[in-house]
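Following: one structure in structure tokens, then a few remarks.
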Amino acid sequence: MPRYKLIIEYDGAPFCGWQIQENGASVQGALEDAVKAICGEQVRVHGAGRTDAGVHALAQVAHCDIAKHFVPGRFRDGLNAHLRPHPIGVLSAEIVPDTFEARFSAKRRHYLYRIANRRANLALDIGRAWRLPRPLDTDAMHAAAQRLVGKHDFTTFRDTECQAKSPDKTLDQLDVVRDGDAVNVLTSARSFLHSQVRSMVGSLVWVGEGRWSADDLAAALAARNRAACGPVAPPDGLYLVRVDY
């Protein structure tokens, strides 16, 4: 039974997230429906990251096992044909060893959060970036962000419904970069807690607006208390960019 590795992009706006849920359409569910349409099997499509409702992906990784052997390119094209009109694109498919696991084999996950720091309303990026009209001090945001890099107890930046066994995570990167009106927050780690990236971004925005200092951000982290977190950034601007294996 061949195992296929899939690279997938999607617009998360219409979905309740990656994972199948009872309250709405999911990316995982749409992919499993497409697989069933091709080969008549109801199989589980396992993803590398359980992106939340409204969160996008440029290169989500998934795997599935199916009894029938397909040429990878034909399998990719068949999935794309059956995924229409969902805003999901299977970029590639390849046969991998049975030991490959999209989630558990991952060494690092990379996320991008896009902020549009401008007065004008969004036109092309509606639902794909967080518009903030007040000027942001991105140098202060970047400097403060470095206080979160490393291994910490991230309880403050963890959703109360997070099911992870431990709040301890090692953050490898958290950079804030400005390009004109665009402010990009780039972060990477082996894994993240539920809503961790959006919680960190929202707190960094408070630093950029002058409400918090770097010391305030560090104190929030040290508090290990969800109530100490700043606002949670909306899902619109968050993208799963890449998964390393």
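Gln21 places a side-chain N or O within 3.5 Å of a backbone atom of Cys16 that can act as its donor or acceptor partner. A side-chain donor-acceptor contact under 3.5 Å links Glu41 to the backbone of Ala67. With hydrogens and angles disregarded, a donor-acceptor distance shorter than 3.5 Å links the side chain of Ser213 to the backbone of Asp216. Without hydrogens or angle criteria, Tyr245 side chain to Ala102 main chain gives a donor-acceptor distance under 3.5 Å. In this structure, Asp137 contributes its side chain and Ala140 its backbone to a donor-acceptor pair below 3.5 Å. Arg103 contributes no side-chain N or O that, together with a main-chain N or O of Ala106, makes up a donor-acceptor pair within less than 3.5 Å. In terms of modelled atom types and a separation under 3.5 Å, the side chain of Glu209 and the main chain of Pro135 share no donor-acceptor contact. Judged purely by atom type and a 3.5 angstrom limit, Thr156 uses its side chain to pair as donor or acceptor with the backbone of Ala220. For Glu32 (side chain) and Val45 (main-chain N/O), a donor-acceptor pair under 3.5 Å exists by modelled atom type. When atom types are taken as modelled, the side chain of Asp153 and the backbone of Arg224 share no donor-acceptor pair closer than 3.5 angstrom.
Inter-residue side-chain proximity for Lys169 and Leu193 is flagged as met; some heavy-atom pair is nearer than 4.5 Å. Counting heavy atoms from C-beta outward, Ile38 and Phe70 have side chains that approach closer than 4.5 Å.
The pair Arg114-Asp125 meets the salt-bridge criterion, with a side-chain N (NZ, NE, NH1 or NH2) lying under 4.0 Å from an Asp/Glu carboxylate O. A salt bridge links Asp11 to Arg128: one of the charged nitrogens lies within less than 4.0 Å of a carboxylate oxygen. Electrostatic pairing of Arg76 and Glu94 does not count as a salt bridge here, judged by no charged N lying under 4.0 Å from a carboxylate O.
Ring planes of Phe15 and Tyr10: perpendicular class, angle over 60° (limits at 30 and 60°). Ring geometry for His46 against His63 counts as parallel: the plane angle stays under 30°, on a 0 to 90° scale with 60° as the upper cut. Classification of the Phe192-Tyr111 ring pair by plane angle, with boundaries at 30° and 60°, yields perpendicular.
There is a side-chain donor-acceptor pair under 3.5 Å between Ser199 and Arg226. Under 3.5 Å, the side chains of Asn184 and Arg178 contain no donor-acceptor pair of N or O atoms. With 3.5 Å as the limit, one finds no donor-acceptor pair spanning the side chains of His82 and Asp33.
Applying the 6.0 Å contact sphere to CD of Gln42 captures more than 12 heavy atoms from other residues, nucleotides or ligands.
The CD1 atom of Ile126 sits 10.5 Å away from the CG atom of Asp236 when rounded to the nearest 0.5 Å.
One hydrophobic cluster, built from ILVMFWY side chains closer than 4.5 Å, holds both Ile66 and Val90.
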> salt bridge (Lys or Arg N to Asp or Glu O under 4.0 Å) between Arg44 and Asp65: does it pass, once the steps are laid out?
Replying inline: CA-CA 8 Å; Arg44 177 62 71 208; Asp65 300 328; over 6 Å; no
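Taking both residues in full, the closest heavy atoms of Ala233 and Val201 are given as CB-CG1, 3.9 Å, listed atom of the first, atom of the second, then distance.
Test Arg190, Lys107, His110 against Asp244 for side chain to side chain donor-acceptor pair (under 3.5 Å) and you get one pass: His110.
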